[in-house]
Amino acid sequence: THCPPELTRAERRLPLGVDEVFDYEPSLIALQEVDARWWERLWRPRLCTAGYDGLICLKSGSSMEGVAVAWRCEDWTLLEEKRVALSAGRADAACPEAAPTPAMAAFLEARPETARAMAK
């Protein structure tokens, strides 16, 4: 890397990322590859302080990262939460016994290459 290590540490970089997101004053925020520890330690507290609420959904298996969505509470109200495991049926899935929804099953049946990729 061309940066000094003290500039690339997560403790320095991630708060700057949160600040940058807030600079846009978004109504909705969607994040990917969010580390669960940083969600609880940094993102969620900062979001709540700024008037947002949000959720994180971890990847299946032993991964401690996932996707997160947050919304400004004065603009949006959570009516329902539904988490969809794209790896349903895989041995390492969060819920391996869960079968894909009918719509997902039809989608995968029509696209065998996608089904093979998701089974990996």
Side-chain angles (χ1 to χ4, degrees):
T1 180
H2 299 286
C3 293
E6 64 271 10
L7 297 179
T8 60
R9 294 182 55 221
E11 289 80 4
R12 180 182 185 282
R13 286 183 301 108
L14 292 176
L16 294 173
V18 175
D19 291 342
E20 185 169 353
V21 169
F22 286 152
D23 283 346
Y24 289 97
E25 300 178 0
S27 179
L28 293 171
I29 301 168
L31 304 166
Q32 61 186 26
E33 305 298 327
V34 178
D35 183 285
R37 293 167 298 221
W38 283 106
W39 173 258
E40 293 301 328
R41 190 178 353 178
L42 174 70
W43 281 99
R44 188 152 171 70
R46 293 274 310 270
L47 287 163
C48 289
T49 299
Y52 291 81
D53 199 358
L55 302 167
I56 187 170
C57 183
L58 299 180
K59 294 178 183 177
S60 295
S62 60
S63 179
M64 288 303 295
E65 62 184 32
V67 296
V69 63
W71 55 91
R72 188 180 302 130
C73 295
E74 68 181 36
D75 297 336
W76 299 93
T77 301
L78 178 66
L79 298 179
E80 181 180 347
E81 173 186 342
K82 183 170 184 175
R83 296 169 188 243
V84 177
L86 297 178
S87 59
R90 284 181 33 180
D92 67 339
C95 302
E97 68 283 354
T101 64
M104 180 60 81
F107 175 84
L108 294 174
E109 186 175 325
R111 293 165 185 82
E113 69 283 354
T114 303
R116 282 191 300 277
M118 289 177 59
K120 292 182 179 180

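- Note: Glu20 CD to Asp23 CG = 7.0 Å, rounded to the nearest 0.5 Å.
- Taking every heavy atom of both residues into account, Glu80 and Leu78 meet most closely at O-CD1, 3.2 Å.
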side-chain contact (heavy atoms from CB on, under 4.5 Å) evaluation trace for Thr77 with Trp71: CA-CA 8 Å; Thr77 301; Trp71 55 91; over 6 Å; no

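- Residues Arg13 and Thr8 share a closest heavy-atom pair of NE-O, 2.6 Å.
- A salt bridge links Asp53 to Arg44: at least one charged side-chain nitrogen sits closer than 4.0 Å to a carboxylate oxygen.
- Counting heavy atoms from C-beta outward, Val69 and Val67 have side chains that stay 4.5 Å or more apart.
- Atom CG of residue Leu31 and atom CD of residue Glu33 lie 11.0 Å apart, to the nearest 0.5 angstrom.
- Of the inter-residue distances, the one linking His2 atom NE2 with Leu7 atom CG reads 14.0 Å to the nearest 0.5 angstrom.
- Sparse packing is recorded around CD of Glu25, with 12 or fewer heavy atoms of other residues, nucleotides or ligands lying under 6.0 Å away.
- Residues satisfying the side chain to side chain contact (heavy atoms under 4.5 Å, CB included) criterion with Pro26, sequence neighbours excluded, are Val21, Tyr24, Ile29, Tyr52.
- Under the salt bridge (charged side-chain N to carboxylate O under 4.0 Å, His left out) criterion, Arg37 pairs with Asp35, not counting sequence neighbours.
- Within the 4.5 Å cutoff, side-chain heavy atoms of Pro15 are placed close to those of Leu42.
- The closest side-chain heavy-atom distance from Ile56 to Trp43 is not below 4.5 Å.
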Check: residues 102-112 side-chain donor-acceptor pairs under 3.5 Å, at least two apart:
residue: Arg111; atom: NH1; partner: Phe107; partner atom: O; Å: 3.4

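- By the criterion of side-chain heavy atoms lying less than 4.5 angstrom apart, applied directly or through intervening Ile, Leu, Val, Met, Phe, Trp or Tyr residues, Leu58 is grouped together with Trp39 in one hydrophobic cluster.
- Within a 6.0 Å radius of CD in Gln32, other residues, nucleotides and ligands contribute 12 heavy atoms or fewer.
- For Phe22 against Arg46, the heavy-atom pair with the smallest separation is CZ-O, 3.7 Å.
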